[in-house]
Number of protein chains: 2
Amino acid sequence: MATIKEIASMANVSRTTVSRVLNNSGYVSEEVRKRIIKVIEETGYVPSQQAKSLRTKKTKVIGVILPTIKTETSGRLVAGMDDELSEAGYQILLANTNHEKQKEIEFLQLLKVRQVDGIILAATNVNDLLVEKIKQLDIPFVAIGQEISDVSNILYDDYQAAKDITSLFINKGHQQIGFIGVDESDLAVGMWRKKGFFDQMEEKGLSVEEAWVEQGVFNIQSGYEAMSRIIQNSNQTPTAVFAVTDRLAIGAIRWLNEHSYAIPSDMAIAGVGASELSNYITPPLTTVDYENEKAGKEAAKLILRQIEKNNKVIEKITLNYRLLERDSV
Amino acid sequence: MATIKEIASMANVSRTTVSRVLNNSGYVSEEVRKRIIKVIEETGYVPSQQAKSLRTKKTKVIGVILPTIKTETSGRLVAGMDDELSEAGYQILLANTNHEKQKEIEFLQLLKVRQVDGIILAATNVNDLLVEKIKQLDIPFVAIGQEISDVSNILYDDYQAAKDITSLFINKGHQQIGFIGVDESDLAVGMWRKKGFFDQMEEKGLSVEEAWVEQGVFNIQSGYEAMSRIIQNSNQTPTAVFAVTDRLAIGAIRWLNEHSYAIPSDMAIAGVGASELSNYITPPLTTVDYENEKAGKEAAKLILRQIEKNNKVIEKITLNYRLLERDSV
DNA sequence: AACTAATATGGAATCGATTCCATAAAAATA
DNA sequence: TATTTTTATGGAATCGATTCCATATTAGTT
């Protein structure tokens, strides 16, 4: 790889002048400019990002912290970001926490050391330590999926979406509705979706039997088991169950299918997430589409705006969602 | 952010000595070492990767070029890589081509400029220009999924897997077997899987009617349409169809379901890829599990070995696959 | 005691760019 | 014609680390 010094001497000018051509800045005569460009083209020279970043303090890299990279949701999120970012000449440096909380903090530090121009965090559980670290970070930052005060956020309306799903059940005549949730330390998925469900039930004067409420984790097997527990432990089984993620819902459906419950006549089911899977199981699952790709795009736009404005423009964006009514309700 | 210079003056030593402590190299007296470590801890100083890389020519970053980041396959691949790489202190810099061929070449260049320590390419179509660029790259390199001479490869045994699936059909008594493929410029998926199918049919003395063979692209809709064409155009409809990807197979199944074909009795279907989806559709799809996460891990290991050995150790690894016999055959 | 080897530290060059500052020539203005 | 202004270029400092080399002290060996 050639260096600017070599290009300079080949074109019989100083490094300064080459740099001017490279960055289109300052005065360079047409004649010299042409000579330099010719040399650059002949040698295929490209300036080292390395050296450039050291001097300019800009890396054209955005750090993205994810709880996992295996899921569709993550994939779509990243795809959306990349769409916007690559357009603007940025690349994504991945940081995968594998759901380990303390890694979020480690990566925050690591990415800063790597001098990324901004950080996007797909947040799961927000604890005080994390929030504090974020605040003392002092580089452009956007959190997706969880509200964090004083920083930019892309938010899903988990509360309203849960209410809508619950309404849908009620409108279809269901009165006894069960719920499969996740741990409430995940504020968005665990807490807000649960609250939406219970608030809506209460508003409509419907009560929820304790045995109808179960908790799982983020996979299909867990939904399968939760459904089994609901049926086993209920005095009177519910006629519908709201699962807070598609995977939980799909697990539930699988259990119901295996035990000859007809869906939706014996039991209605809905999930959240609009995974590709949800549309191809039998019956197709009623769910909420959060449009993750769009979320990724918006997050990227926010980060770029922060970088450009060179200061802390704090923006909070709550995205729309689409209720996809399919055959499981 | 503090710099090594500041740390040095705070500890009343030279930058050189601080660097020695940082890198555990050369002679430093116990007393001075302690003093420096104390200052480092108090200030929370971390050396700039930027400056370090400029001098050492190592970035601890691996560039990963993918045709898309939206799919499960990509997600698993990346997850596998990250597993190994983060262990060794490396991070992944993403490059998403969105299936645009010329972007593969652009990214090769871009990643090199960014001084990544190695590049992993999830290859789709290999053309001469790409191969040439790869060869003159001169940094650790691994290609996944497609054979490229003179560089390290992680390969799937597409040919044998296709033969196995075809055998399975034949053993179940099928004689008229259809095929849904993709463009053969994708050597692995398009060419080798097709060849595996036809070779196996020929070996068993079975002929394939022209109308049984259709081509699609990498999505569900495309499988749906291909299946429709096969049924419409055949004199005698096949009793089984091998689709080269799960999505194509799932599209085909969808068409068959909609037109009241019973699976597998009226028509047997198999795919390749073992997507999560494949296990939850009705009926569960017989498919080949290529264990992408493992492929990612192996690719990462290869890259690390190349970096460590500091030279072109060319290794070719063909991974095992598992034939998942489910209810669609 | 004299001399070699090991230990300990700092100065200065280096990596490859950008950018401030100085200077000189050409063009514009008084 | 004298004096600004604009245009054009290069020298040298800088970003924040690592590393080669020199030097000084201390320890070990004959």
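Every chain is numbered from 1 and lettered A, B, ... according to where its sequence line falls, protein lines coming before strand lines.
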**Student:** Mind calculating the distance between CZ (B/R33) and C1' (C/dT7) to the nearest angstrom?
**Tutor:**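 It is 13 Å, rounded to the nearest whole Å.
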
**Student:** For the pair made of CZ in B/R114 and P in C/dA17, what is the distance, rounded to whole Å?
**Tutor:**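 The answer, rounded to whole Å, is 15 Å.
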
**Student:** Measure CD1/A/I36 against P/C/dA17 and give the value in whole Å, please.
**Tutor:**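 Distance check: A/I36 CD1 to C/dA17 P gives 14 Å.
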
**Student:** Closer to the 5' end of DNA chain C via nearest nucleotide, is it B/V13 or A/S25?
**Tutor:**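 Checking each residue's closest nucleotide, the 5'-ward one belongs to B/V13.
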
**Student:** Is it the case that B/T17 and B/S14 place a side-chain donor and acceptor less than 3.5 Å from each other?
**Tutor:**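 Distance-only check passes for B/T17 and B/S14.
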
**Student:** How many whole angstroms separate atom NZ of A/K34 from atom P of D/dA8?
**Tutor:**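 Atom NZ in A/K34 sits about 13 Å away from atom P in D/dA8.
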
**Student:** Counting only side-chain nitrogens and oxygens, does A/Y27 get under 4.0 Å of the OP1 or OP2 atom of D/dA8?
**Tutor:**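 So the side chain of A/Y27 is outside the cut-off, no N or O lying under 4.0 Å from OP1 or OP2 of D/dA8.
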
**Student:** Pick the closest DNA chain C nucleotide for B/S29 and for B/L54 by heavy atoms, then say which residue is nearer the 5' end.
**Tutor:**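 Going by which nucleotide is closer to the 5' end, it is B/S29.
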
**Student:** Give the rounded distance in Å between these two atoms: CD1 of A/I4 and P of C/dT19.
**Tutor:**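 Taking CD1 of A/I4 and P of C/dT19, I get 11 Å after rounding.
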
**Student:** Between A/Y90 and A/I307, is any pair of side-chain heavy atoms under 4.5 Å apart?
**Tutor:**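 Of all side-chain heavy-atom pairs linking A/I307 with A/Y90, at least one is under 4.5 Å.
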
**Student:** Base, sugar-phosphate alone, or nothing: which one does A/K57 contact when heavy atoms must sit under 4.0 Å apart?
**Tutor:**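 Sugar-phosphate, no base atom in range.
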
**Student:** Which is more 5' along DNA chain D, the nucleotide nearest A/R15 or the one nearest B/Y45? Just name the residue.
**Tutor:**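 Counting from the 5' end, the first nearest nucleotide belongs to A/R15.
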
**Student:** Touch check for B/S19, heavy atoms < 4.0 angstrom, all strands: base, sugar-phosphate only, or nothing?
**Tutor:**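 Base, at least one base heavy atom under 4.0 Å.
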
**Student:** Is any side-chain N or O of B/T56 closer than 4.0 Å to OP1 or OP2 of C/dC15?
**Tutor:**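 So the side chain of B/T56 is outside the cut-off, no N or O lying under 4.0 Å from OP1 or OP2 of C/dC15.
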
**Student:** With hydrogens left out and only the distance checked, is there a donor-acceptor pair under 3.5 Å joining B/R20's side chain and the base of C/dG10?
**Tutor:**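 Check passes, donor-acceptor contact within cut-off.
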
**Student:** Would you say C/dG10 has OP1 or OP2 under 4.0 Å from some side-chain N or O of B/S14?
**Tutor:**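 B/S14 to C/dG10 OP1/OP2: side-chain N or O found under 4.0 Å.
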
**Student:** In this structure, how many angstroms lie between the C1' atom of C/dA17 and the CG atom of A/L22, rounded?
**Tutor:**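 Interatomic distance, CG of A/L22 to C1' of C/dA17: 9 Å.
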
**Student:** At their closest point, which heavy atom of A/S53 faces which heavy atom of B/Q50, and how far apart are they?
**Tutor:**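 Closest approach of A/S53 to B/Q50: CB-OE1, 2.8 Å.
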
**Student:** Considering only heavy atoms and no angle criterion, is a donor-acceptor pair shorter than 3.5 Å present between the side chain of A/R55 and the base of D/dG16?
**Tutor:**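 Such a pair does not exist between side chain and base.
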
**Student:** What is the distance, rounded to the nearest whole Å, between atom CD of B/E30 and atom P of D/dT26?
**Tutor:**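 That distance rounds to 18 Å.
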
**Student:** Report the C-alpha separation of A/K38 and A/E42 in whole Å, then their side-chain angles, then the decisive distance to 0.1 Å, and conclude whether the salt bridge (charged side-chain N to carboxylate O under 4.0 Å, His left out) test is met.
**Tutor:** CA-CA 6 Å; A/K38 185 149 170 278; A/E42 280 170 8; 3.5 Å; yes

**Student:** Look at A/K135 together with A/E132 and state whether they make a salt bridge at an N to O cut-off of under 4.0 Å.
**Tutor:**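 Salt bridge: no.
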
**Student:** Test your reading of the model: is there a side-chain donor-acceptor pair from B/K316 to the backbone of B/I148, 3.5 Å cut-off?
**Tutor:**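 At least one qualifying donor-acceptor pair exists.
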
**Student:** I'd like to know if A/T16 reaches the base of C/dT19 with its side chain such that a donor and an acceptor end up less than 3.5 angstrom apart.
**Tutor:**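 Side chain to base: pair present.
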
**Student:** B/T3 side chain: which of D/dG16, C/dA17, C/dG10 is closest?
**Tutor:**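 Closest nucleotide to the B/T3 side chain: D/dG16.
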
**Student:** Could you give the NZ-to-P distance, from B/K5 to C/dA12, as a whole number of Å?
**Tutor:**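 Taking atom P of C/dA12 as the reference, NZ of B/K5 is at 13 Å.
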
**Student:** Counting the atoms with a prime plus P, OP1 and OP2 as sugar-phosphate, which does B/V18 contact under 4.0 Å by heavy atoms, base, sugar-phosphate, or nothing?
**Tutor:**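 Touches nothing.
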
